[in-house]
> 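My questions all concern the structure below.
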Amino acid sequence: MKHGEGGDALVLEAREMLAAGQSEEEVFAELAARTGDWDACALALCPALGVPRPDAEARIREARPLFDEFEAGEEDVVAMLLACGHVFVVDRVLDGRGERIREMLWTATCSTMSTSSTSRSSLFASETPQ
């Protein structure tokens with residue numbers, strides 16, 4: 001990390017970058033490439049998004065082994081994995097309407113996945129070697 005860049009400064013910078021329209025992945029990758037401190041960047045981005053610090057610390061602790069698998073220059077890949085691992089997801093309390101929408105989306109997603117899997121299986125089952 002460059003001299004003078006503390007955690008609070010990174011949180012503020014991450015907020016500014018998010019407000020300017022950058023995605024979570026873009027913000028992490030840019031900060032991580034510049035500072036070289038992936039832990040601090042992930043830990044700064046979570047509160048900038050609204051994730052409580054204790055939750056952010058627990059998420060980063062679980063994701064930390066990923067950092068050892070990559071090296072400088074691969075920050076965008078790490079950002080994608082952190083996003084896929086829900087490190088940057090802000091948990092929200094939903095009202096009754098929001099809960100109903102979430103349930104319907106979950107049902108639709110599961111239905112789509114089941115249909116896709118069945119279609120794919122039957123497609124490959126109908127192929128015969130020649």
Side-chain angles (χ1 to χ4, degrees):
M1 183 176 298
K2 291 183 178 178
H3 181 68
E5 284 190 312
D8 292 339
L10 282 175
V11 172
L12 293 174
E13 187 171 358
R15 282 186 183 139
E16 291 171 2
M17 295 167 79
L18 291 165
Q22 288 185 268
S23 71
E24 295 91 350
E25 292 178 48
E26 292 170 327
V27 172
F28 173 83
E30 186 175 322
L31 292 175
R34 191 185 75 232
T35 65
D37 190 342
W38 297 0
D39 278 13
C41 293
L43 195 54
L45 182 53
C46 286
L49 290 164
V51 176
R53 191 158 203 100
D55 291 349
E57 290 170 349
R59 293 175 186 189
I60 302 309
R61 197 171 28 258
E62 289 178 17
R64 191 167 288 123
L66 282 175
F67 298 163
D68 295 334
E69 301 297 321
F70 298 92
E71 49 192 57
E74 296 180 306
E75 291 83 4
D76 56 335
V77 177
V78 174
M80 180 191 66
L81 292 172
L82 292 174
C84 289
H86 303 282
V87 171
F88 303 134
V89 171
V90 181
D91 297 323
R92 301 272 189 229
V93 176
L94 302 174
D95 60 10
R97 180 175 179 270
E99 284 290 335
R100 180 72 181 127
I101 291 169
R102 182 175 66 172
E103 289 172 12
M104 291 186 323
L105 287 170
W106 177 252
T107 301
T109 301
C110 290
S111 175
T112 302
M113 289 171 52
S114 174
T115 303
S116 297
S117 175
T118 303
S119 298
R120 222 175 301 125
S121 296
S122 58
L123 172 68
F124 292 119
S126 64
E127 293 180 1
T128 55
Q130 302 202 7

> Does the side chain of L82 come within less than 4.5 Å of F67's, by heavy atoms?
yes

> Output the distance between atom CD (E24) and atom CD (E26), rounded to the nearest 0.5 Å.
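That separation rounds to 9.5 Å.
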
> For the hydrophobic clusters of this structure (ILVMFWY residues joined by side-chain heavy atoms under 4.5 Å, transitively), does one cluster hold both L12 and L18?
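Not linked; separate clusters.
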
> SG/C46 to CD1/I60 distance, rounded to the nearest 0.5 angstrom?
4.5 Å

> Let me check something: do M80 and M17 share a hydrophobic cluster, defined by ILVMFWY side-chain heavy atoms less than 4.5 Å apart, either directly or through other members?
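M80 and M17: one cluster.
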
> Which heavy atom of V90 sits nearest to which heavy atom of L49, and what is that distance?
CG2-O, 3.4 Å

> Check this for me: does any side-chain nitrogen of one of R53 and E57 sit under 4.0 Å from a carboxylate oxygen of the other?
yes

> Just verifying a value: how many Å separate F88 CZ and E25 CD, rounded to the nearest 0.5 Å?
8.0 Å

> Can you tell me how far CG of L10 sits from CG of D37, rounded to the nearest 0.5 angstrom?
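Separation between the atoms: 8.0 Å.
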
> When rounded to the nearest 0.5 angstrom, what is the spacing between CZ in R100 and CG in D95?
13.5 Å

> Between L31, V27, V87, which is the residue that forms a side chain to side chain contact (heavy atoms under 4.5 Å, CB included) with L45?
V27

> Any pair with a residue in residues 67-80 that passes salt bridge (Lys or Arg N to Asp or Glu O under 4.0 Å), sequence neighbours left out, goes on the list, sorted by first then second residue, please.
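As it turns out, there is no salt bridge (Lys or Arg N to Asp or Glu O under 4.0 Å) pair with a partner in residues 67-80 once direct neighbours are skipped.
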
> Classify the ring geometry of F28 against W38: parallel below 30°, tilted from 30° to 60°, perpendicular beyond 60°.
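Aromatic pair F28/W38 classed perpendicular.
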
> Mind checking what makes salt bridge (charged side-chain N to carboxylate O under 4.0 Å, His left out) contact with D39, not counting sequence neighbours?
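D39 satisfies salt bridge (charged side-chain N to carboxylate O under 4.0 Å, His left out) with R64 once adjacent residues are dropped.
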
> Testing the basics here: between A48 and A14, what is the closest heavy-atom pair and its distance to 0.1 Å?
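Shortest heavy-atom contact: CB-CB, 3.7 Å.
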
> Can you tell me how far CE of M104 sits from CD of E99, rounded to the nearest 0.5 angstrom?
12.0 Å

> side-chain contact (heavy atoms from CB on, under 4.5 Å) for R34 and E13? Distances and angles first, verdict last.
CA-CA 12 Å; R34 191 185 75 232; E13 187 171 358; 2.8 Å; yes

